[in-house]
A.B. asks: 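My questions all concern the structure below.
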Amino acid sequence: MIDLRLVREDPEKVRAALLKRGADIDLNMLLHLDQQRRETLTEVEGMKARRNQVSAQISGLRAENRSTDTLIEEMKEVSSRIKTLDSLVVDIETQIAAFMDELPNIPDEDVPPGGKENNEIIRTWWHKPDFNYQILEHVELAEKLGLIDYERGVKLGGANFWLYKGEGALIEWGLLNYFIDSHLQDGYEFILPPHILRYACGYAAGQFPKFADDVFHISQKDSRQEGQFLLPTAETALINLHQDEILEESELPKKYFAFTPCYRKEVGSYRATERGTMRGHQFNKVEMFQFTTPENSDGAHLELLEKAEKLVQGLGLHYQVTKLAAQDMSGAMAKTYDVEIWIPSLGRYTEVSSVSNARDYQARRGKIRFRRSENRKIEFVHTLNASGLATSRLIVGLIEQNQQSDGSLVIPEVLRRWVGKDRIYPKTNT
RNA sequence: GGAGGGAUGGCCGAGCGGCCUAAGGCGCCUGUCUUGAAAACAGGUAUGGAGCAAUCCAUCGUGGGUUCGAAUCCCACUCCCUCCGCCA
């Protein structure tokens, strides 16, 4: 949620910022509603003040046994008028909320306008692996090495599911542990949250109402607003840790990370370009999260990016960092960097971490505030999140970049203590 | 799944339909006293909104209702606790 005051004070600036996201939004209706709301409030509050006053008067007159009939008659009318105006205010506020709920965040100044094609490559780490033999792509490799069983995954869960087995499961488990160790070392607090969340969690994260259809709802209740759903990312849980709380400035920044599977509907077909574990209904991810003061969120953003990169570097994989253009970012975010690893078989990079600063957009929706030590004033916190990391795409890059000419796979140094070996050879039977 | 109890400010806890503008306590902040601290005493300590401001309005789990007037009465819902049953 952006600040309504910002719209009120400088609608052109807001409109221009949202234009970067490709949405030309007419704010006049909103401004009109806002105006109307304040006018109505002024009127109805005056009447309420009068009513409160007269109520006290009536009790005084009663005590003296004097007549209150005319006052009561007057108040009957005032009360009924208040009722009408109150419901008018509710109606206006519902309309304002519906509008504001849909407005995406304002992109930062330095975020390029437009879509994907305007994403900026910030830097590239290491170089593309040089294969002087015919390489295999990840689906075939994973099957030959006996790491992932796509067919049996589908047998269990249906389309767009897979399962890790044997050494594949060990690699997966090793990756998660490698991430967890790294975050613990950096002083982040480990959270294992519920995987089933309430509607309000999705709202605060900025995923609802717009993307309510993209998650798995588990409740039988008709009203989506009371139902529960499977989390699409641990971010949805972590943002709500401090929902409706007022933190002390001295507690900030709060640094968390969580491990959860992520459950997503992923409606639409991507199969042609995204085979194997590139996109599924369930994948594992470790998520980092920070609550900071506004002045410290840029620093935190860079810290998170650095942490995500460090993880990929530790695995020795070639990657690039891009700054997303406005239209390519999630609606809740003001600025996002993607860490993208090189997928040799596709000849392109794919996202393994999205590192985002939501500024106060999510905090407003979740009412997450803090109190300044200096003057006790209350402000919204800034929230930031970053994958650290998602395994399902990382593993694609990992097995493709580390494949050898004999069809074997070299296990990155940092994973060997979990996998128990430094190299995996193709299985004769799968 | 069954039965019962509860939800009030940062926390505990009182609260006859009308000085509730929410008692009292704890905690916290400030001041007096003190070399300093403790103690004692005095004062202050919620959130959101409207307004240039004075000030006003709203909020006692949530939503509705009764009433001139609701923390208080009525209805529905949500959440929490206790006990019983069932079960990983």
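A, B, ... follow the sequence lines: proteins, then strands. Residue 1 opens every chain.
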A.B. asks: Distance between the C1' atoms of B:rA23 and B:rU72, in whole angstroms?
C.D. replies: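 Approximately 15 Å lies between the C1' atom of B:rA23 and that of B:rU72.
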A.B. asks: Taking atom P in both B:rC20 and B:rG85, compute the distance separating them and give it to the nearest angstrom.
C.D. replies: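 That atom pair is separated by 49 Å.
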A.B. asks: Could you tell me whether the phosphate oxygens of B:rG48, OP1 or OP2, come under 4.0 Å of any side-chain nitrogen or oxygen in A:R369?
C.D. replies: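 Yes, within the criterion.
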A.B. asks: Which value, in whole Å, describes the distance between the P atoms of nucleotides B:rA76 and B:rG10?
C.D. replies: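 To the nearest whole Å, 31 Å.
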A.B. asks: In this structure, how many angstroms lie between the C1' atom of B:rC79 and the CD atom of A:Q243, rounded?
C.D. replies: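 In whole Å, B:rC79 C1' and A:Q243 CD are 14 Å from each other.
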A.B. asks: Would you check if there is a donor-acceptor pair between the side chains of A:E266 and A:N160 at a distance under 3.5 Å?
C.D. replies: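 There is no such pair (donor and acceptor under 3.5 Å, judged by atom type) between the side chains of A:N160 and A:E266.
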A.B. asks: Which residue, A:T94, A:V89, A:L88, forms the side chain to side chain contact (heavy atoms under 4.5 Å, CB included) with A:I92?
C.D. replies: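 The residue from A:T94, A:V89, A:L88 that satisfies side chain to side chain contact (heavy atoms under 4.5 Å, CB included) with A:I92 turns out to be A:L88.
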A.B. asks: Any side-chain N or O of A:R38 under 4.0 Å from OP1/OP2 of B:rG49?
C.D. replies: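 For A:R38, the contact criterion (side-chain N or O under 4.0 Å from OP1 or OP2 of B:rG49) is not met.
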A.B. asks: Got a sec, which residues hit side chain to side chain contact (heavy atoms under 4.5 Å, CB included) with A:E413, two or more places apart in sequence or on another chain?
C.D. replies: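 Per chain and number, A:E413 pairs via side chain to side chain contact (heavy atoms under 4.5 Å, CB included) with A:R416.
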A.B. asks: Can you list every ring-ring contact (aromatic ring centres under 6.0 Å, His included) pair that touches residues 20-66 of chain A, not counting sequence neighbours?
C.D. replies: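 Of all non-adjacent pairs touching residues 20-66 of chain A, none passes ring-ring contact (aromatic ring centres under 6.0 Å, His included).
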A.B. asks: Between B:rC60 and B:rA7, how far apart are the P atoms? Round to whole Å, please.
C.D. replies: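 The answer is 14 Å between these two P atoms.
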A.B. asks: Give a yes/no answer on whether the side chain of A:S79 brings an N or O atom under 4.0 Å of OP1 or OP2 in B:rG69.
C.D. replies: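 True: A:S79 side-chain N/O within range (under 4.0 Å) of B:rG69 OP1/OP2.
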A.B. asks: Roughly how far apart, to the nearest Å, are B:rU8 and B:rG61 at atom C1'?
C.D. replies: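 Going atom to atom, C1' in each nucleotide, I get 10 Å.
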A.B. asks: How would you list, by chain and number, every residue that makes a side chain to side chain donor-acceptor pair (under 3.5 Å) with A:Q403, sequence neighbours excluded?
C.D. replies: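 Once residues adjacent in sequence are excluded, A:Q403 has no partner under the side chain to side chain donor-acceptor pair (under 3.5 Å) criterion.
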A.B. asks: How far, in whole Å, is B:rG13 from B:rU62 if one measures between their C1' atoms?
C.D. replies: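 Their C1' atoms lie roughly 23 Å apart.
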A.B. asks: On a whole-Å scale, what distance lies between the C1' atoms belonging to B:rG25 and B:rG31?
C.D. replies: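 Going atom to atom, C1' in each nucleotide, I get 22 Å.
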A.B. asks: So what's B:rG85 paired with, Watson-Crick or G-U wobble, going by both distances under 3.5 Å?
C.D. replies: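 Because no pair has both required distances under 3.5 Å, B:rG85 counts as unpaired.
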A.B. asks: Decide whether a cation-pi geometry holds between A:K144 and A:Y425; the criteria are a distance under 6.0 Å from NZ or CZ to the six-membered ring centre and an angle within 45° of the ring axis.
C.D. replies: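 No cation-pi geometry.
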A.B. asks: What's the gap between B:rC83 and B:rU66 when it is taken at their P atoms, as a whole Å value?
C.D. replies: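 B:rC83 and B:rU66 have their P atoms separated by 41 Å.
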A.B. asks: For A:R371 and B:rU47, is the shortest distance between a side-chain N/O and OP1 or OP2 below 4.0 Å?
C.D. replies: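 Yes, such a contact exists.
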A.B. asks: What does nucleotides 15-22 of chain B look like as a protein-contact string, B for base, S for sugar-phosphate only, - for none, at under 4.0 angstrom between heavy atoms?
C.D. replies: ---B----
A.B. asks: Taking atom CD of A:E295 as the centre, report whether more than 12 heavy atoms of other residues, nucleotides or ligands fall under 6.0 Å from it.
C.D. replies: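 Above 12, so yes.
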A.B. asks: Do nucleotides 60-67 of chain B as a string where each nucleotide becomes B, S or -: B if the base has a protein heavy atom under 4.0 Å, S if just the sugar-phosphate does, - if no protein is that close.
C.D. replies: ------S-
A.B. asks: Can you give the donor-acceptor pairs under 3.5 Å from side chains of residues 99-107 of chain A to other protein atoms, not counting sequence neighbours?
C.D. replies:
unit_1 : atom_1 : unit_2 : atom_2 : d
A:D101 : OD1    : A:Y203 : OH     : 2.6
A:N105 : ND2    : A:A332 : O      : 2.9
A:N105 : ND2    : A:A358 : O      : 2.9

A.B. asks: So, does A:H382 use its side chain to make a donor-acceptor pair with the main chain of A:T292 at under 3.5 Å?
C.D. replies: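 No, the answer is negative, given that no donor and acceptor are paired below the 3.5 Å cut-off.
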